[in-house]
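Notes follow once the structure below has been shown.
Everything numeric in this text was worked out from a predicted model, so none of it was measured.
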Amino acid sequence: MGKRKEESVSKPPFHKRQRQEHIDEHSDESSDEENTRFSADNSFSLTSTVGEAGIIERIQLKNFMCHSMLGPFQFGSNLNFIIGNNGSGKSSVLTALIVGLGGKATATNRGSSLKLFVKSGESSADISVTLQNQGRDAFKPELYGDSIIVNTHINLEGSRTYRLKSKSGTVISSKKEELLGMLDHFNIQVENPVSVLTQEMSKLFLQSKNEGDKYKFFMKATQLEQMKEDYSYIMKTKENTRLQIEQGVERLKELKRIYCEEKERYESIECVNEMQKHLEELKHKMAWAVVAEMEREIQPIREGIKAEEGNTEKFDQKLEECQIKVNEAEEKCKAIQEKLITVNGEAEALHTQCMSSKAEVQTRRKAVNEAELLHNRVRTELKRLAKDDEQLRNRIEEMKKSAYQASESERLEKERKITQLKEKLKALRDEEIMIGQQMDQFQQAIYKHKEEFAKLKREDSDVRQDLDAKQKHLRELRDSKTNAFKRFGQHMPSLLEEVEIAYRQGQFKHKPVGPLGAFIHPKDPELSLAIEACLKTLVQAFCCDNHSDERVLQQLMSKYYPHGARPSIIVNKFHDKIYDVRHSGVHHPEFPSVLTALEIDGAAVANCLINVRGIEKVLLIKSSCKAREVMQSNNPPKNCREAFTAEGDQVFNRRYYSSDYLRPKYLSKDVEAEISLLENEIASRKAQLAASQKRLSSTEHEIKQNESYLHHHRQHQKELQIKTRRTAAEIADLENVDEIQYMDIRALEDVAEENKNKMESVRQEMQEESRKMEELNEILRAAEKRYEEIKEKMNQVEDITNPIKDELDKADSEVENRRRCLQYYEDKKKEHLTCIKKHKELLAAKEKELEEKTAQARQIYSERIEVTRTVKSLDAEMNRLRERIKTEKSHRGNTEEIIQRFLDAKERYEDANSKVNNLKKFIRLLEEIMTQRFNIYRRFLRLLSLRCKLYFDHLLRIRGCSGRILFDHKNETLSITVQPGEEDRAAPNNMPG
């Protein structure tokens, strides 16, 4: 397959294959002989040049049809043959050539879809075709070079992608348009059976008996069929255009009629000039009447401004009186604050003494308890010794009365047994004493561990409460990511929906505003904690315009909040503008006030916070040291009541209170950072809780273990006591036998004496312990007395402090009331001045408007006209005149409308006439061109038919056959007849095509 170059009609179209390349030499010789005979027998010669562009150089297939890898095949520059056994891939190469150069799957007659060409079991197929790109007909040689490589990739879905590469392998394009442009440049038609004749198409051509099919094949191969279809489409379009022209001519006649009618109306306008002139005169008078009326309006405004300026002095006097009262109230409040500071100092000192005294009482009481425990133990020992002494004395008396009747040997044996039992008894009693001491130790350990357990239990409860609060806050923060109002509580969105519904139903006169924290935004995030510490519960509060709205809001809140846990409601009259606090607020060159540090949505919120909290008088100072320096110096900023630090600490003139807040809960902007920080703190609290639980378990285990030991020792003590009693009984039994003559009374007396000495020693020890216990009790009573005295003093100081605090609250309230009074008169004065300013602005606007009206009047009529009539009467007369003009025009039509309709009709007519003329010109030109091109088409058809006949006759001469080929262009048939030569007479003498 090769590119067909354009040349003159007399030359053969197939000129790119000068020689044939065969595998055996005999084929080359026979071909040369035939070419030679053809040159000798004909009067014309085949002239051709070796093609350099569009020739296939190489083709390679991968996973195509039934072949895993086929090729690469290197082709020569002329005719090439591919030979091989059935199934070796000859047809696959031809099919791949069609598909690889953009042909459809149906054009190959091998399948209806591209996915059928992918080898079974593989996911894709690849085709690589290399075309020569040399000579003067090369395609974009500066990009592709001497060769163009077309790589085609087919996947199992049936889609196909192209990659056009240069000779060096560089990808130049992956667009199908580039491939089609290259094929069009080389005149390669992969779906044309003359260029690529598949096996099935050749069989169909040879086996077809229908002359009409042969003619269609001829038309398709020469591309005359496409040309014929194009001509048919153009002729159909021409016919449609002719119908449009006929419709346009009819429409043009109607437009011309309308145009003529409007032209007659336009030329007949000539009626209402006098009325229009009179209307113009009235307009002149109206212009100067407006000027005179405005001059009369301005005069009362000037007089009102003059009267209001005289009332300004009264406001100044009232403001001066209010300022004096404010100063007096502030002095009184300052004195009470100093008194409260002094009392608070005494209270703090007493509190410190009270705590130390309480600790001393606890220590003394513990010492008394220990001494009492020891005293009781000694007393118990003394009672036991007294009982033993009494038993010994009774026994001695009995022994003295008894006679010595037993033998000496029996007496000695009994004495030996009694001695052993007494030693055993002594050992049991010593062990019992030791067990008692150990039981005391266990009891002390249990008491100590129980105290520690109670302390850990309290700490665990505190940590759990803190953890629950933080987890609740974390849930609110996470919910606030989808609904910002959930940050103020889980019921807040539902409450706001109820408020919105109630407002729509008309239950509120003015819609309540809240929560206030949702309408305030700190400009500096570092001051969020300070602002929240300043506002406290006001962040969750609502603001109502009146008490009626407050009652409705209370009812709505009762559905979601229990009594005592509801957000507070503030009643404050709503205003459109924020209060002017330039004179009453604090102004510091370095630090902002709470008011200036906030971006507040709505004047109602700002005014509420000013009235309730006085945010214009509270400074925000990040550094605590700087805050002390500013506030507690001799000259604090004017109008500044207090300040807050970045940590939330509250700073007064002579007081400083630490904040209970660690971070802002409602006003922080970075919710994600707050969530991350809370998650870390919750994890820390959980770890702390786990450690606390571990310590609790350990302590509880220690208590149970010590209680178990105590129980075991008590059981052991009981066993020892039983053994002691049994041993004593055995001794008594041995001593009670009538063997007194063998007993050593002196030994018993010695034991009794020894027991008596022990009793004396224990008695002295008990007296000593009693004395110590008494001393400790005295010390304890003294400590308790001191503690009670300090508590009494604290109660007295507290009794003094509470009235001072109440007095301070009253003083603060009085200061606030007087400041409000001062603010009220300041606002009134401001309103008064604003009113004067507005009147002056109105006067200036009126004067400016008067100047403009005067200028407009001069533009309408240059000389001033003294008009006695009012603007209203002039306007009424002008309206009546306009009505008359309108009535006249209604009979004849509006002049402007008539002119406009005339111009529109003229424009439509000229536009339609121009379009019709242009279409007529186009049709005439199209008929000329189509006639000329149809003649060329018919001449080209005859020439191609003639050329085909010449090549057919030439081929028959070369083969030594005779025959004919007949074209019937009218009936669109093609007849071919071939008869063999002399050597083939044995074959049929006629072979119809």
Side-chain angles (χ1 to χ4, degrees), residues 326 329-330 333 488-489 492 499 508 510-522 527-551 553-554 557 561 564-586 592-620 639-644 648 650 652 657 659 661 664-667 805-806 808-824 826-827:
V326 167
E330 285 179 348
C333 183
F488 298 91
M492 189 59 71
V499 170
F508 291 108
H510 297 275
K511 183 180 177 181
V513 179
L516 298 182
F519 297 88
I520 59 176
H521 314 285
L527 296 175
S528 299
L529 179 57
I531 294 171
E532 200 164 307
C534 173
L535 299 180
K536 294 184 175 63
T537 57
L538 290 177
V539 178
Q540 293 180 287
F542 280 74
C543 183
C544 291
D545 177 73
N546 53 75
H547 290 285
S548 175
D549 290 348
E550 179 195 12
R551 287 190 293 273
L553 184 58
Q554 285 282 12
M557 284 185 178
Y561 298 96
R566 300 173 189 171
S568 58
I569 302 175
I570 301 162
V571 179
N572 190 63
K573 190 71 177 176
F574 288 175
H575 295 282
D576 295 332
K577 294 183 179 180
I578 299 175
Y579 296 151
D580 185 2
V581 295
R582 287 177 293 179
H583 301 292
S584 60
V586 61
S593 66
V594 176
L595 179 62
T596 57
L598 287 174
E599 291 180 358
I600 303 176
D601 302 337
V605 177
N607 294 337
C608 177
L609 293 176
I610 290 171
N611 283 339
V612 177
R613 188 62 185 87
I615 57 173
E616 80 281 8
K617 300 176 182 180
V618 181
L619 278 181
L620 297 177
N639 296 329
C640 182
R641 296 174 52 194
E642 55 189 305
F644 284 86
Q650 189 176 13
F652 288 96
Y657 298 102
S659 174
Y661 297 88
K665 184 177 180 182
Y666 304 104
L667 301 182
K805 286 182 178 179
D806 294 338
L808 180 60
D809 291 339
K810 290 180 181 178
D812 284 337
S813 177
E814 185 179 357
V815 169
E816 199 61 39
N817 291 333
R818 294 190 177 181
R819 283 176 177 169
R820 284 201 191 97
C821 182
L822 178 64
Q823 184 67 43
Y824 171 78
E826 286 178 350
D827 293 340

Handout entry: Residue pair L527 / P592: nearest heavy atoms and the distance that separates them
Key = CD1-CG, 4.2 Å
Handout entry: For P512 against L553, the heavy-atom pair lying closest together
Key = CB-CD2, 4.1 Å
Problem - Candidate pair M557 and F542, rule side-chain contact (heavy atoms from CB on, under 4.5 Å), full reasoning - result: CA-CA 11 Å; M557 284 185 178; F542 280 74; 3.5 Å; yes
Problem - Smallest separation among heavy atoms of C640 and V586, with atom names - result: CB-CG2, 3.7 Å
Exercise for the section: Hey, could you give me the NE2/CG distance between H575 and D545, rounded to the nearest 0.5 Å? Expected result: 8.5 Å
Handout entry: Nearest atoms (heavy-atom pairs only) where M492 meets P515
Key = SD-CD, 4.0 Å
Practice task
Would you check if I600 and L595 make a side-chain contact, meaning some heavy-atom pair closer than 4.5 Å?
Solution key: yes
Handout entry: Minimum heavy-atom distance R641-F652, with the two atoms named
Key = O-CD2, 3.7 Å
Problem - Backbone N/O of F508 and side chain of D549: donor-acceptor pair under 3.5 Å - result: no
Problem - Rounded distance (nearest 0.5 Å) linking atom CD1 of I610 with atom OG of S584 - result: 8.0 Å
Exercise for the section: Indicate yes or no for a side-chain donor-acceptor contact from N572 to the backbone of A604 under 3.5 Å, with no hydrogens or angles considered. Expected result: no
Problem - Any donor-acceptor N/O pair, Q823 side chain to D580 backbone, under 3.5 Å - result: yes
Problem - Carboxylate-amine/guanidinium contact E642 R613, below 4.0 Å - result: yes
Exercise for the section: List the atom of L620, the atom of A597, and the distance in Å for their closest heavy-atom pair. Expected result: CD1-CB, 3.6 Å
Fill in the blank from the handout: To the nearest 0.5 Å, atom CD1 of I531 lies from atom CG of L538 at 13.0 Å
Handout entry: Test log, rule side chain to side chain donor-acceptor pair (under 3.5 Å), inputs H521 and D601
Key = CA-CA 8 Å; H521 314 285; D601 302 337; 2.9 Å; yes
Practice task
Nearest 0.5 Å please: distance from the CG atom of N607 over to the NZ atom of K573.
Solution key: 13.0 Å
Practice task
Drop me the distance from K511's NZ to C543's SG, to the nearest 0.5 angstrom.
Solution key: 14.0 Å
Exercise for the section: Dump the intermediate steps for side-chain contact (heavy atoms from CB on, under 4.5 Å) on L535 and I520, then the final yes or no. Expected result: CA-CA 11 Å; L535 299 180; I520 59 176; 3.5 Å; yes
Practice task
Enter the distance from F644:CZ to S593:OG here, rounded to the nearest 0.5 Å.
Solution key: 13.0 Å
